Enquirer: 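Let me give you the structure first, and then I'll get to my questions.
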Amino acid sequence: MTGDQRTLALLLFSLFVAITLAITTWVSRNRHGSAEEFYAGGRLFSPMENGFAIAGDYMSAASFLGISGLIALFGYDGMLYSVGFLVAWLVVLFLVAELVRNCGRFTLADVVAARVRERPVRIALGTSSVTVSVLYLVAQMVGAGTLVALLLGERGEAAQAWTVIGVGALMVIYVSLGGMRATTWIQIVKSVLLLGGTVVLTVLVLMRFHGDFDRLLLTAAERSGHGEAFLAPGLKYGADWTSRFDFISLGLALVLGTAGLPHILSRFYTVPTARAARRSVVWAIGLIGGFYLMTIVLGFGAAAIVGPDAVRGSNAAGNTAVPLLALDLGGGADSTGGTVLFAVVAAIAFATILAVVAGITLSSSASVAHDLYASLRRRRAKPRSEVAVARVAAVGIGVVAIALGLLARDLNVAFLVGLAFAAAASANLPVLLYSLFWRDFTTRGAVWAVYGGLIPAVVLVVLSPVVSGSSESLFPGVDFQYFPLQNPGLVSIPLGFVAGWLGTVTSAEIPDEAKHAETEVRSLTGAGAV
């Protein structure tokens with residue numbers, strides 16, 4: 001990589017960081033410090049603005065870097081991530097968006113606590129939300145480290161380590177100073193940049209093959225070394241029954257996990273009404289759907305133009321496929337076009353990471369302050385006190401995410417996000433659906449649903465090949481692998497639902513029919529919604 005590429009990319013990085021810091025500073029001067037302002041941006045965003053922000057929250061480093069890399073390395077099986085991430089939004093649209101907006105205030109726990117005892121439920125859901133958010137943050141940190149290590153021409157640990165630390169520092173500044181309003185505008189700017197850059201790359205890939213998509217696929221298959229198997233299921237998930245079950249597990253996690261992601265659910269509170277929340281999701285589906293269709297073209301384009309061997313040689317997990325593709329499409333490493341296009345793509349990817357980590361950090365710090373801190377105090381915390389705690393929590397969460405990001409730097413970012421989705425689908429989705437739709441749901445059922453899904457998900461990941469037992473594990477030198485699947489969703493998601501049911505039917509608590517009726521009316525009509 002030439003000095004011109006590094007200089008230009010660093011300038012673009014610096015420009016985006018300067019713009020986002022300016023937005024944060026401007027917002028911090030014009031806010032009034034209330035909890036509603038910090039957590040929900042004053043609920044003043046339009047459906048279109050919120051739709052772009054949701055898309056910005058969702059189209060992460062896993063989408064831009066990870067999925068394209070997996071497609072470049074594994075063909076059809078890598079494409080399954082794109083399908084799963086997109087289909088998940090149908091669950092959000094039809095089951096979650098309006099109901100959550102009507103029933104909640106700032107966090108997922110608000111929805112559930114409306115009809116059961118608050119304290120144990122808020123503690124359980126606060127713990128779950130922070131766990132899911134940290135897992136998601138790790139993926140973004142890994143993407144940032146990989147990207148800047150490539151940019152600086154250094155594959156050593158030092159470049160990645162300092163990048164992860166820098167991203168962590170920036171995300172803490174965005175959240176603690178600007179809150180939801182600054183985070184939302186950063187995500188909107190990032191969405192426009194990401195979609196624009198993806199469109200340009202997609203057009204250039206198709207132009208290279210004169211618009212012939214069949215030729216693109218055949219060339220990718222030929223360069224992959226796998227022939228037609230590259231375009232058929234089974235290259236990554238079809239070798240044996242274990243990998244097939246792993247695929248089912250991953251699919252369940254991706255399709256069901258989105259509806260339980262704290263940073264996605266919190267976006268529904270930034271619009272004034274439930275109708276606006278639903279329209280936001282429609283906007284988001286359109287933007288996200290177009291983006292994931294283009295990642296398929298980019299993934300196969302990287303396989304056909306760059307080649308899987310070159311992609312794997314740059315980064316074993318495939319996280320650098322898109323930047324390398326941009327370099328080639330622009331004319332190569334020594335060309336002006338290659339320098340400019342590579343720098344632009346690298347800057348967009350970095351903007352993507354910064355925007356997503358800001359949104360995740362905000363939602364997790366809100367869970368710490370609004371759910372955990374407020375519940376553990378004997379008296380209900382004052383709103384301004386909560387906001388102060390949320391700012392401090394952002395720092396603590398940033399430190400944890402930095403540490404784990406350094407540890408997991410060699411794993412594929414899309415795969416890491418799959419683990420976060422599995423935890424969200426196992427712990428958050430069961431309690432949310434039971435609370436909204438089951439008349440007899442009790443406090444014990446809610447607490448058991450959360451821990452009954454979260455604890456198995458985390459334990460199974462620790463005992464899986466992800467952590468130990470192979471050369472690609474986090475700890476390759478040890479072996480305490482007892483669970484064969486890389487994604488725990490196939491086991492942990494049903495356990496979450498079963499635990500919620502079992503806790504309810506064994507509870508001596510008499511369900512409060514009046515609270516259920518109130519929740520049902522409120523969720524369906526919006527009467528009494530904040």
Side-chain angles (χ1 to χ4, degrees), residues 84 87-88 90-92 94-96 99-100 103 108-109 111-117 120-132 135 241-242 244-262 265 418-464 466 482-512 515-516 519-520:
V87 170
L90 297 178
V91 179
V92 177
F94 293 117
L95 289 181
V96 172
L99 306 185
V100 166
C103 291
L108 170 62
V111 179
V112 182
R115 51 173 299 199
V116 295
R117 285 187 289 118
V121 169
R122 285 192 181 277
I123 292 172
L125 278 168
T127 303
S128 170
S129 296
V130 171
T131 303
V132 171
L135 284 172
W241 280 105
T242 299
R244 292 171 188 172
F245 280 120
D246 222 342
F247 162 67
I248 297 173
S249 186
L250 173 67
L252 280 173
L254 296 183
V255 171
L256 299 178
T258 300
L261 290 175
L265 294 176
L419 300 182
F421 273 63
S426 303
N428 293 348
L429 184 63
V431 71
L432 176 60
L433 294 183
Y434 279 148
S435 180
L436 289 173
F437 299 111
W438 191 8
R439 181 182 298 274
D440 297 328
F441 198 45
T442 64
T443 303
R444 178 190 284 182
V447 174
W448 283 25
V450 175
Y451 292 128
L454 180 65
I455 294 174
V458 173
V459 170
L460 291 177
V461 168
V462 172
L463 299 178
S464 74
V466 176
Y482 298 103
F483 182 66
L485 305 184
Q486 293 187 338
N487 191 294
L490 185 62
V491 176
S492 60
I493 295 173
L495 283 177
F497 281 97
V498 170
W501 170 81
L502 188 62
T504 298
V505 299
T506 60
S507 174
E509 177 185 352
I510 299 175
D512 191 326
K515 283 188 176 181
H516 168 73
T519 300
E520 187 174 39

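Bear in mind the structure is a predicted one, so any value in this text is a computation, not a measurement.
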Enquirer: Between Leu433 and Phe497, is there a side-chain heavy-atom distance shorter than 4.5 Å?
Expert: yes
Enquirer: Checking the side chain of Thr443 only, and the main-chain atoms of Arg117 only, is there a donor and an acceptor separated by less than 3.5 Å?
Expert: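 Checked: pair present.
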Enquirer: Closest approach of Arg444 and Glu509, non-hydrogen atoms and distance?
Expert: N-OE1, 4.2 Å
Enquirer: I'd like to know if the side chain of Ser249 reaches the main chain of Gly489, judged simply by a donor and an acceptor atom lying under 3.5 Å from each other, with no hydrogens or angles considered.
Expert: yes
Enquirer: Using atom types as modelled and distance alone, determine if a side-chain donor or acceptor of Ser128 lies under 3.5 Å from a backbone N or O of Ala124.
Expert: no
Enquirer: Could you report the tightest heavy-atom contact between Pro484 and Thr242, atom names first, then the distance?
Expert: O-CG2, 3.8 Å
Enquirer: Can you check whether Ala113's main-chain N or O pairs, donor with acceptor, with Arg122's side chain at less than 3.5 Å?
Expert: no
Enquirer: To the nearest 0.5 Å, tell me how far Tyr482 OH sits from Leu463 CG.
Expert: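 Going from OH on Tyr482 over to CG on Leu463, the span is 8.0 Å.
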Enquirer: Using every non-hydrogen atom in the two residues, find where Ile493 and Ala425 come nearest and quote the distance to one decimal.
Expert: CD1-CB, 3.6 Å
Enquirer: With rounding to the nearest 0.5 angstrom, report the CG to OG distance, Asn487 to Ser464.
Expert: 9.0 Å
Enquirer: Does the side chain of Val100 reach to within under 4.5 Å of the side chain of Leu432, using non-hydrogen atoms?
Expert: yes
Enquirer: To the nearest 0.5 angstrom, please state how far the CG atom of Asn428 sits from the CG atom of Leu108.
Expert: 5.0 Å
Enquirer: Does Val111 form a side-chain contact (heavy atoms from CB on, under 4.5 Å) with Leu436? I'd like the steps, not just the answer.
Expert: CA-CA 8 Å; Val111 179; Leu436 289 173; 4.0 Å; yes
Enquirer: Under 4.5 Å between any side-chain heavy atoms of Pro456 and Val491, yes or no?
Expert: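 No, every pair of side-chain atoms sits at 4.5 Å or beyond.
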Enquirer: May I ask you to check whether over 12 heavy atoms, not counting those of Trp501, lie within 6.0 Å of atom CH2?
Expert: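 Result for CH2/Trp501: open.
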Enquirer: As an exercise, state the distance from OG of Ser426 to CG of Leu495, rounded to the nearest 0.5 Å.
Expert: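 Nearest 0.5 Å value for the OG-CG distance: 8.0 Å.
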Enquirer: If I take atom CG from residue Asp440 and atom CD1 from residue Ile510, how far apart are they, to the nearest 0.5 angstrom?
Expert: 11.5 Å
Enquirer: Over all heavy atoms of both residues, which pair between Ala109 and Leu125 is shortest? Give the atoms and the distance, please.
Expert: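 In terms of heavy atoms, the two residues are closest at CA-CD1, 3.6 Å.
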Enquirer: For Ala424 and Gly257, work out which heavy atoms get closest and say how close.
Expert: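 Shortest heavy-atom separation between Ala424 and Gly257 comes out as CB-O, 3.6 Å.
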Enquirer: Can you name the nearest heavy-atom pair linking Val116 to Thr442, along with the distance?
Expert: CG1-C, 3.7 Å
Enquirer: Enter the distance from Ser507:OG to Leu502:CG here, rounded to the nearest 0.5 Å.
Expert: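 That separation rounds to 11.0 Å.
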Enquirer: How are the rings of Tyr434 and Phe441 set relative to one another: parallel (under 30°), tilted (30 to 60°) or perpendicular (over 60°)?
Expert: tilted
